[in-house]
Undergrad: 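Below is the structure I would like to discuss, written out as structure tokens.
Please read all numbers here as calculations on a predicted model, not as lab measurements.
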Amino acid sequence: MNRFFYALFTVLVLASCSPYQKALKSEDVATKYAVATEMYEAGKYTKAIRLFEQIAPSFRGKPQAEKLFYMFAQSYYKTNQNYLSGYQFESFASSYPRSEKIEEALFLSAESYSKLSPRYSLEQGDTYKAIDKMQTFIDRFPNSEYLPQANEITKNLREKLEKKAFEIARQYHTTGGWTRDYGAAIKALDNFIIEYPGTPFKEAALYYKFDSAYLLAVNSVENKKKERLEFAKSSYDNLIKFAPTTGYKKEVDNKLEEITKELQKYN
């Protein structure tokens with residue numbers, strides 16, 4: 001048993017005296033920089049970060065500073081600390097505008113901010129910020145090797161905003177069953193289609209607009225029914241014109257048949 005505790009004690013003593021532990025406790029900035037670089041190159045980014053955090057303020061303006069702050073930002077990026085990596089890469093680009101790493105740094109900064117974007121149902125301030133950062137990068141480096149990735153990220157972020165806007169508009173259709181205010185649903189869906197003409201949710205928006213128009217018409221007072229039935233029929237035409245093989249085809253065809261029968265009463 002004594003041998004076990006002796007061996008354990010020896011291991012702990014050796015560990016406490018490792019170059020990394022010594023560097024953490026050292027007052028020598030050069031030693032900290034050398035060990036931090038060694039940790040970084042070995043992929044031990046969390047350990048590298050602890051040392052970079054200690055020496056970063058004293059390195060500003062020094063010849064090694066550009067390399068240090070690049071490794072510092074990369075260490076945050078590699079450990080998925082997205083806010084800090086976004087900030088550090090942005091700060092790096094601002095401090096070293098002539099660096100050969102500036103294009104990469106600005107892309108990784110924008111990408112880091114994009115990873116902070118929450119799911120569509122939450123507040124989207126970080127999504128707008130990420131789109132702005134990525135669009136700034138695209139405008140500055142239109143021929144960048146990162147352009148395909150930048151465009152794909154921007155597309156996905158914009159679709160998230162569109163999905164949120166669509167779900168808000170669709171909610172009026174849902175609440176219309178309680179409030180009987182299908183006119184509000186039609187207006188909200190119309191506004192969505194106008195604001196996002198190329199959206200992948202356009203077919204669904206046209207369907208819910210038609211369904212809202214149909215429900216408004218069939219539940220309408222008599223003196224407004226004919227006009228609302230005709231509007232519902234035109235909403236059907238718009239959906240089928242946009243998506244002739246829509247997945248809603250069977251349902252909307254059945255409702256169109258009912259609309260047509262109702263309109264025949266007025267003819």
Side-chain angles (χ1 to χ4, degrees), residues 113-114 116-135 138 151-267:
Y113 284 121
S114 76
L116 297 171
S117 172
R119 64 179 183 271
Y120 78 89
S121 58
L122 300 176
E123 199 279 325
Q124 294 297 307
D126 284 329
T127 304
Y128 284 106
K129 182 177 181 179
I131 290 173
D132 182 60
K133 299 289 185 185
M134 195 60 77
Q135 192 60 55
I138 291 170
N151 285 331
E152 183 64 20
I153 290 170
T154 303
K155 174 177 172 288
N156 291 338
L157 291 171
R158 291 190 188 283
E159 285 185 2
K160 186 182 292 188
L161 295 179
E162 290 173 16
K163 182 170 178 60
K164 183 176 180 70
F166 167 69
E167 291 296 339
I168 290 172
R170 187 169 71 94
Q171 192 64 28
Y172 284 95
H173 173 274
T174 302
T175 57
W178 313 327
T179 63
R180 297 297 178 186
D181 188 8
Y182 289 107
I186 293 167
K187 183 177 180 180
L189 290 159
D190 256 344
N191 289 340
F192 171 77
I193 293 166
I194 291 168
E195 187 171 355
Y196 303 102
T199 178
F201 304 105
K202 186 172 182 178
E203 179 184 338
L206 287 169
Y207 161 74
Y208 284 107
K209 178 185 174 182
F210 161 73
D211 198 53
S212 297
Y214 161 79
L215 291 168
L216 180 65
V218 297
N219 293 292
S220 179
V221 294
E222 192 60 36
N223 65 336
K224 295 183 177 179
K225 195 165 189 176
K226 181 175 183 291
E227 178 186 351
R228 289 174 174 175
L229 287 167
E230 288 172 343
F231 178 75
K233 186 174 184 301
S234 71
S235 297
Y236 169 90
D237 292 339
N238 289 336
L239 170 60
I240 297 303
K241 182 179 179 181
F242 177 75
T245 57
T246 177
Y248 304 104
K249 188 75 164 59
K250 184 176 181 180
E251 179 186 346
V252 296
D253 282 352
N254 289 336
K255 290 177 178 178
L256 177 66
E257 187 176 341
E258 184 180 349
I259 290 168
T260 303
K261 286 180 180 178
E262 288 291 318
L263 280 171
Q264 287 174 352
K265 296 176 183 178
Y266 296 94
N267 293 335

Undergrad: Just wondering, do N254 and K250 contact through their side chains at under 4.5 Å, heavy atoms?
TA: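 A side-chain contact under 4.5 Å exists here.
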
Undergrad: Give a yes or no on whether the backbone of L256 and the side-chain of K233 come within a donor-acceptor separation of less than 3.5 Å.
TA: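 No.
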
Undergrad: Quick check: do Y196 and F166 have side-chain heavy atoms less than 4.5 Å from each other?
TA: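 No; the side chains remain at least 4.5 Å from each other.
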
Undergrad: How about Y172: does its OH atom have over 12 heavy atoms from other parts shown lying under 6.0 Å from it?
TA: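 At most 12 heavy atoms, drawn from other residues, nucleotides or ligands, come within 6.0 Å of this atom.
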
Undergrad: Could you tell me which residues satisfy side-chain hydrogen bond (donor to acceptor under 3.5 Å, both in side chains) with T127, sequence neighbours excluded, listed by chain and number?
TA: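 Only S117, Q124 meet the side-chain hydrogen bond (donor to acceptor under 3.5 Å, both in side chains) criterion with T127.
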
Undergrad: Quick check: closest heavy atoms across K164 and S121, and the distance to 0.1 Å?
TA: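 Looking at all heavy atoms of both residues, the closest pair is NZ-O, 3.3 Å.
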
Undergrad: Measure the CZ-CG distance between R228 and L215 for me, rounded to the nearest 0.5 Å.
TA: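 So the CZ of R228 and the CG of L215 are separated by 12.0 Å.
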
Undergrad: Quick check for you: to the nearest 0.5 Å, what is the distance between K133 atom NZ and I138 atom CD1?
TA: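 CD1 of I138 is found 14.0 Å from NZ of K133.
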
Undergrad: Give, for atom OH of Y120 and atom CD1 of I168, the distance between the pair rounded to the nearest 0.5 Å.
TA: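 The distance works out to 10.0 Å.
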
Undergrad: Output, in order, the C-alpha distance, side-chain angles, deciding distance and verdict of salt bridge (charged side-chain N to carboxylate O under 4.0 Å, His left out) for K163 and E159.
TA: CA-CA 6 Å; K163 182 170 178 60; E159 285 185 2; over 6 Å; no

Undergrad: By ring-ring contact (aromatic ring centres under 6.0 Å, His included), which residues pair with F231, not counting sequence neighbours?
TA: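 Scan of F231 (ring-ring contact (aromatic ring centres under 6.0 Å, His included), adjacent residues dropped) gives none.
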
Undergrad: Taking the side chain as everything from C-beta on, heavy atoms only, tell me whether Y248 gets closer than 4.5 Å to D211.
TA: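 Result no, sub-4.5 Å side-chain heavy-atom pair not found.
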
Undergrad: Which heavy atom in P118 sits nearest to a heavy atom in D126, and how many Å separate them?
TA: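 Reported closest heavy-atom pair: CD-CB, 4.3 Å.
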
Undergrad: For the OH atom on Y128, are there more than 12 heavy atoms of other groups (residues, nucleotides or ligands in this structure) within a distance under 6.0 Å?
TA: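 Counting other residues, nucleotides and ligands, OH of Y128 stays at 12 neighbours or fewer.
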
Undergrad: Going by heavy atoms in the side chains, are D253 and Y236 under 4.5 Å from each other?
TA: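 Yes, side chains in contact.
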
Undergrad: Is it true that E167 and R170 make a salt bridge, defined as a side-chain N closer than 4.0 Å to a carboxylate O?
TA: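 Salt bridge flag = yes for R170 with E167.
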
Undergrad: Inspect the surroundings of NZ in K225 and state if more than 12 heavy atoms from other residues, nucleotides or ligands are less than 6.0 Å away.
TA: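 Correct, the count exceeds 12.
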
Undergrad: Would you name the heavy atoms of A130 and L157 that are closest together and state the gap between them?
TA: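 Looking at all heavy atoms of both residues, the closest pair is CB-CD1, 3.8 Å.
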
Undergrad: Might you work through the side-chain contact (heavy atoms from CB on, under 4.5 Å) test for K129 and D132, ending with a clear yes or no?
TA: CA-CA 5 Å; K129 182 177 181 179; D132 182 60; 5.7 Å; no

Undergrad: Counting C-beta onward and ignoring hydrogens, is there a side-chain heavy-atom pair between F210 and V252 closer than 4.5 Å?
TA: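 Yes; the side chains approach each other to less than 4.5 Å.
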
Undergrad: Evaluate the side-chain proximity of V218 to K255: yes if any heavy-atom separation is below 4.5 Å, no if none is.
TA: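 No; the side chains remain at least 4.5 Å from each other.
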
Undergrad: For E251, does the CD atom have more than 12 heavy-atom neighbours from other residues, nucleotides or ligands under 6.0 Å away?
TA: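 Count over threshold, so yes.
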
Undergrad: Test H173 against every option in Y208, Y207, Y214 by the ring pair (Phe, Tyr, Trp, His ring centres under 6.0 Å) rule and name the one that passes.
TA: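 Exactly one candidate clears the test, Y208.
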
Undergrad: How many angstroms lie between atom CD of E258 and atom CG of L229, to the nearest 0.5 angstrom?
TA: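 Reported value, rounded in 0.5 Å steps: 9.0 Å.
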
Undergrad: Charged N to carboxylate O under 4.0 angstrom, E162 versus R158?
TA: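 A salt bridge is absent here (no side-chain N lies under 4.0 Å from a carboxylate O).
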
Undergrad: Closest approach of A213 and S235, non-hydrogen atoms and distance?
TA: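 Scanning both residues completely, I find the closest heavy atoms to be CB-OG, 4.0 Å.
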
Undergrad: Using 0.5 Å steps for rounding, measure from the CG atom of L263 to the NZ atom of K261.
TA: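 Interatomic distance, L263 CG to K261 NZ, rounded to 0.5 Å: 13.0 Å.
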
Undergrad: Near K160 NZ, under 6.0 Å, is it more than 12 heavy atoms from other residues, nucleotides or ligands?
TA: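 Yes, enclosed.
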
Undergrad: Mind checking the OG1-CD spacing from T246 to E203? Nearest 0.5 Å is all I need.
TA: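 Reported value, rounded in 0.5 Å steps: 3.5 Å.
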
Undergrad: Are the charged groups of D237 and K241 less than 4.0 angstrom apart, N to O?
TA: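 No, D237 and K241 are not salt-bridged.
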
